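Computed from a prediction, not measured in an experiment: that's the story for all the values here.
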Amino acid sequence: MKIAIGADHAGVNLKQDIIAVIEQLGHEVVDLGCDCSTSVDYPDYALPVAEMVAKQEADRGVLICGTGIGMSIAANKVRGVRCALVHDLFSAKATREHNDTNVIALGERVIGPGLAQEIVRTWLSTDFSQGERHIGRLRKVELIEQTYHSTP
Ligand code: RB5
């Protein structure tokens with residue numbers, strides 16, 4: 001898969017650890033920054049990753065900031081993006097099986113690199129369940145999007 005990744009200044013160290021694990025798994029990484037330790041704004045890095053996924057230029061996206069919260073809020077504003085903030089292995093698996101998430105957000109200030117890498121490994125290797133009830137719920141999410149979002 002092609003995986004787009006982005007981080008703000010508070011996620012830049014974890015970004016390197018996550019790039020390493022994605023490449024170990026044999027996926028292609030598109031690194032959309034940042035590469036700085038000076039303060040930047042997380043929406044500026046969430047948007048290009050979310051857009052790549054929404055336009056199907058990337059299969060999945062990974063976003064990292066201090067908490068993962070700002071990145072997840074910003075990414076979920078882009079139509080077609082289903083971003084989950086994940087800090088445990090159960091949620092990493094469940095959010096693929098149940099929500100078919102195409103973007104994951106992580107907080108470098110919340111969890112360590114070992115757990116974060118394991119979360120990404122699990123999230124990348126888990127398929128959507130294709131369960132009828134989950135498909136139905138995702139259709140309802142799409143309906144909300146269609147009602148309240150304008151086309152990107
Ligand atoms: C940066 O200080 C911090 O606010 C940001 O990385 C993120 O945690 C926001 O949600």
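Placement of V40 and V49 within a single hydrophobic cluster is found when ILVMFWY residues are connected by side-chain heavy-atom separations under 4.5 Å, directly or transitively. In this structure, I22 is a member of the same hydrophobic cluster as L14, with clusters built from ILVMFWY side-chain heavy atoms closer than 4.5 Å. Taking hydrophobic clusters as Ile, Leu, Val, Met, Phe, Trp and Tyr residues chained together by side-chain heavy-atom distances below 4.5 Å, F128 does not share a cluster with I104. In the hydrophobic clustering of this structure, M71 does not group with L106; members are Ile, Leu, Val, Met, Phe, Trp, Tyr whose side-chain heavy atoms approach within less than 4.5 Å, directly or through other members. L47 is connected to V30 through a chain of hydrophobic side-chain contacts under 4.5 Å among Ile, Leu, Val, Met, Phe, Trp and Tyr, so both are in one cluster.
The stretch residues 27-47 participates, sequence neighbours left out, in no ring-ring contact (aromatic ring centres under 6.0 Å, His included) pair at all. Evaluation of the side-chain hydrogen bond (donor to acceptor under 3.5 Å, both in side chains) test over residues 103-121, restricted to residues two or more places apart or in two chains, returns N13-E108, E118-R121.
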| said: What verdict does the side chain to side chain contact (heavy atoms under 4.5 Å, CB included) test give for L89 and I119, after you've listed the backbone C-alpha separation in whole Å, the side-chain angles of each residue and the deciding distance to 0.1 Å? | reply: CA-CA 5 Å; L89 291 173; I119 285 169; 3.9 Å; yes
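Applying the side-chain hydrogen bond (donor to acceptor under 3.5 Å, both in side chains) test to D44 and every residue at least two apart in sequence or in another chain returns nothing. Looking at residues two or more places apart in sequence or on another chain, you find a side chain to side chain contact (heavy atoms under 4.5 Å, CB included) between P48 and L32. Judged as a side chain to side chain contact (heavy atoms under 4.5 Å, CB included), and not counting sequence neighbours, the contacts of T126 are K93, R96, E97, T122. The ring pair (Phe, Tyr, Trp, His ring centres under 6.0 Å) check on H98 picks up H134, with sequence neighbours excluded. With sequence neighbours excluded, the residues forming a side-chain hydrogen bond (donor to acceptor under 3.5 Å, both in side chains) with D35 are K15, listed by chain and number.
Within a 6.0 Å radius of CD in Q146, more than 12 heavy atoms belonging to other residues, nucleotides or ligands are found.
Through direct or indirect side-chain contacts shorter than 4.5 Å among Ile, Leu, Val, Met, Phe, Trp and Tyr, V141 is connected to no other residue. Hydrophobic cluster membership for I69: I73, L85 (Ile, Leu, Val, Met, Phe, Trp, Tyr linked by side-chain heavy atoms under 4.5 Å, directly or transitively). With a 4.5 Å cut-off between side-chain heavy atoms of Ile, Leu, Val, Met, Phe, Trp and Tyr, the cluster of F90 takes in none. Residue V12 shares its hydrophobic cluster (ILVMFWY side chains chained together at separations under 4.5 Å) with no other residue.
Note: E142 CD to R137 CZ = 15.5 Å, rounded to the nearest 0.5 Å. The distance from atom OG of S37 to atom NE2 of H9, rounded to the nearest 0.5 Å, is 9.5 Å. Distance check, rounded to the nearest 0.5 Å: CD1 of I111 to OG1 of T67 gives 11.5 Å. A distance of 11.5 Å separates CG of L143 from CG of L138, quoted to the nearest 0.5 Å. Rounding to the nearest 0.5 angstrom, the gap separating the OG atom in S125 from the CE atom in M1 is 8.5 Å. Between D88 atom CG and T95 atom OG1 the span is 10.0 Å, to the nearest 0.5 Å.
A donor-acceptor contact shorter than 3.5 Å is absent between the side chain of D100 and the backbone of Q130. A donor-acceptor contact shorter than 3.5 Å is absent between the side chain of N99 and the backbone of T101. Here the side chain of S72 pairs a donor or acceptor atom with the backbone of G68 at under 3.5 angstrom. The closest donor-acceptor contact from the side chain of D8 to the backbone of D41 lies at 3.5 Å or more, if one exists at all.
Inter-residue side-chain proximity for I144 and K140 is flagged as unmet; no heavy-atom pair is nearer than 4.5 Å.
Nearest heavy-atom pair, A105 versus C83, reported as atom, atom and distance to 0.1 Å: CB-SG, 3.9 Å. Nearest approach of V29 to I5, heavy atoms of both residues: CG1-CG2, 3.7 Å. Taking every heavy atom of both residues into account, A46 and A74 meet most closely at CB-CB, 3.6 Å.
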Would you list the atom pairs, donor with acceptor, under 3.5 Å between side chains in residues 52-61 and any protein atom, with sequence neighbours excluded?
from: D59; atom 1: OD2; to: K2; atom 2: N; distance (Å): 2.6
from: R60; atom 1: NH1; to: W123; atom 2: O; distance (Å): 3.2

